[in-house]
Amino acid sequence: MFSSLPPPLSDYYLTTIYFYTLHYFASFCVVCYTIPNSVNDEVNRKTFAKRGKTGHLRRIFIVIKILFVCHGNICRSPMAEFVMKDLVCKAGIAEDFLIESAATTREEIGADIHPGTQNELRMRNIPFEHRKARQFTGMEYDKWDYIVAMDFENLHHLRNMTGGDPDKKVNLLLSFAGKDKGVADPWYTGDFGVTYDDVLWGCESLLTKIKSSQAQID
């Protein structure tokens, strides 16, 4: 009489099943590890397929992350944030960027954009939204590709806050325009127009640099 139970698996088959299970599990872990592990940050995980000069599809990360930083995050850095957002939007590449701003101090934490900056942006037809000033922390250093200081004082503070800027991410805004100077703080000067001109110049120069760098990669 035949038994209804299947014969026991041999040691060979058990070893083979174990090997392939382990192999596919390890492959799955490698794939998961290569995706940025912040499940809440969709931007960091966003990739797309792009045709290179040879016509072959290749997978690349598309998001360039820029943080503008000034003393209080109510005048210059939010102005630069929204000017840069406007530039990339008009260039049709807004989805390729994550752009924010922050302060080196806690003096204005929670405050909205300065009325002078708001008025200047409106005059220039630059879209902006109300926001709350926040302070930069060294823990977010790895998140950003470019950390852009408005003047030398903030440049100094940022380098201290980032352990000496080991990856050389921290730069003056106007250094991208070839100028070794800071953007004047309209909190003291009262001249938001002059500040806007320098911010626009610096942002346009930074965007040109980024486009040039990306063209070399492509």
Side-chain angles (χ1 to χ4, degrees), residues 36-44 63-88 97-122 124 126-177 179-203 206:
N37 58 11
S38 177
V39 295
N40 293 321
D41 190 352
E42 283 294 325
V43 175
N44 283 343
V63 177
I64 297 166
K65 298 172 283 293
I66 305 171
L67 183 70
F68 295 101
V69 186
C70 68
H71 184 81
N73 191 213
I74 61 171
C75 294
R76 292 169 293 175
S77 60
M79 182 184 287
E81 173 186 343
F82 291 110
V83 165
M84 194 64 162
K85 285 179 176 177
D86 185 60
L87 289 174
V88 298
F97 288 81
L98 172 65
I99 303 168
E100 294 182 9
S101 62
T104 53
T105 71
R106 296 186 56 82
E107 294 177 11
E108 301 289 347
I109 297 301
D112 198 0
I113 303 172
H114 191 285
T117 292
Q118 293 188 38
N119 291 336
E120 194 65 35
L121 292 173
R122 287 193 189 98
R124 311 286 183 154
I126 306 284
F128 67 92
E129 57 190 18
H130 295 286
R131 56 183 300 285
K132 294 182 178 181
R134 73 171 186 87
Q135 185 182 29
F136 171 83
T137 68
M139 293 181 64
E140 59 184 295
Y141 180 73
D142 290 337
K143 175 180 179 179
W144 303 104
D145 300 310
Y146 296 89
I147 302 174
V148 185
M150 294 296 112
D151 60 25
F152 287 100
E153 180 182 7
N154 291 294
L155 182 71
H156 174 74
H157 289 323
L158 283 168
R159 285 176 175 166
N160 285 338
M161 296 169 79
T162 59
D165 184 26
D167 296 334
K168 307 304 179 187
K169 298 180 178 183
V170 180
N171 292 280
L172 280 175
L173 176 60
L174 289 178
S175 70
F176 297 105
K179 298 296 180 182
D180 189 31
K181 70 170 189 174
V183 175
D185 190 346
W187 175 271
Y188 299 105
T189 67
D191 196 334
F192 287 84
V194 168
T195 295
Y196 173 85
D197 290 341
D198 279 348
V199 164
L200 178 61
W201 188 20
C203 286
L206 173 56

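These numbers were taken from a predicted model, which means no experiment stands behind them.
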Donor-acceptor pair, side chain of Ser101 and main chain of Phe68, under 3.5 angstrom | no
Quick check: are there more than 12 heavy atoms from other residues, nucleotides or ligands sitting under 6.0 Å from CZ of Arg106?
-> no
State, yes or no, whether a side-chain contact exists between Val183 and Leu174 at a heavy-atom distance under 4.5 Å.
-> yes
Tell me, do Leu158 and Val69 make a side-chain contact under 4.5 Å, heavy atoms counted?
-> yes
Do the non-hydrogen side-chain atoms of His114 and Phe192 ever get within less than 4.5 Å of each other?
-> yes
Decide if atom NZ of Lys169 counts as having more than 12 heavy atoms of other residues, nucleotides or ligands within a radius under 6.0 Å.
-> yes
Taking C-beta and beyond as the side chain, do Glu100 and Trp144 meet within less than 4.5 Å on heavy atoms?
-> yes
Does the side chain of Leu121 come within less than 4.5 Å of Met79's, by heavy atoms?
-> yes
Only one of Arg131, Arg134, Arg76 passes salt bridge (charged side-chain N to carboxylate O under 4.0 Å, His left out) with Glu81, and that residue is Arg131
Can you tell me if Tyr141 uses its side chain to pair, donor with acceptor, with the backbone of Asp167 under 3.5 Å?
-> yes
Given side-chain contact (heavy atoms from CB on, under 4.5 Å), test Phe136 with Asn73 step by step and report yes or no.
-> CA-CA 10 Å; Phe136 171 83; Asn73 191 213; over 6 Å; no
Taking NZ, NE, NH1 and NH2 as the nitrogens, is one of them in Arg124 or Asp197 under 4.0 Å from a carboxylate oxygen of the other?
-> yes
Residue pair Met84 / Val148, side-chain heavy-atom distance below 4.5 Å | no
Does the side chain of Ile113 reach to within under 4.5 Å of the side chain of Phe82, using non-hydrogen atoms?
-> yes
With side chains defined as the heavy atoms from C-beta onward, is the minimum distance between Glu120 and Thr195 less than 4.5 Å?
-> no
Criterion side-chain contact (heavy atoms from CB on, under 4.5 Å) on Ile66 and Leu206, from CA distance to verdict | CA-CA 10 Å; Ile66 305 171; Leu206 173 56; 4.2 Å; yes
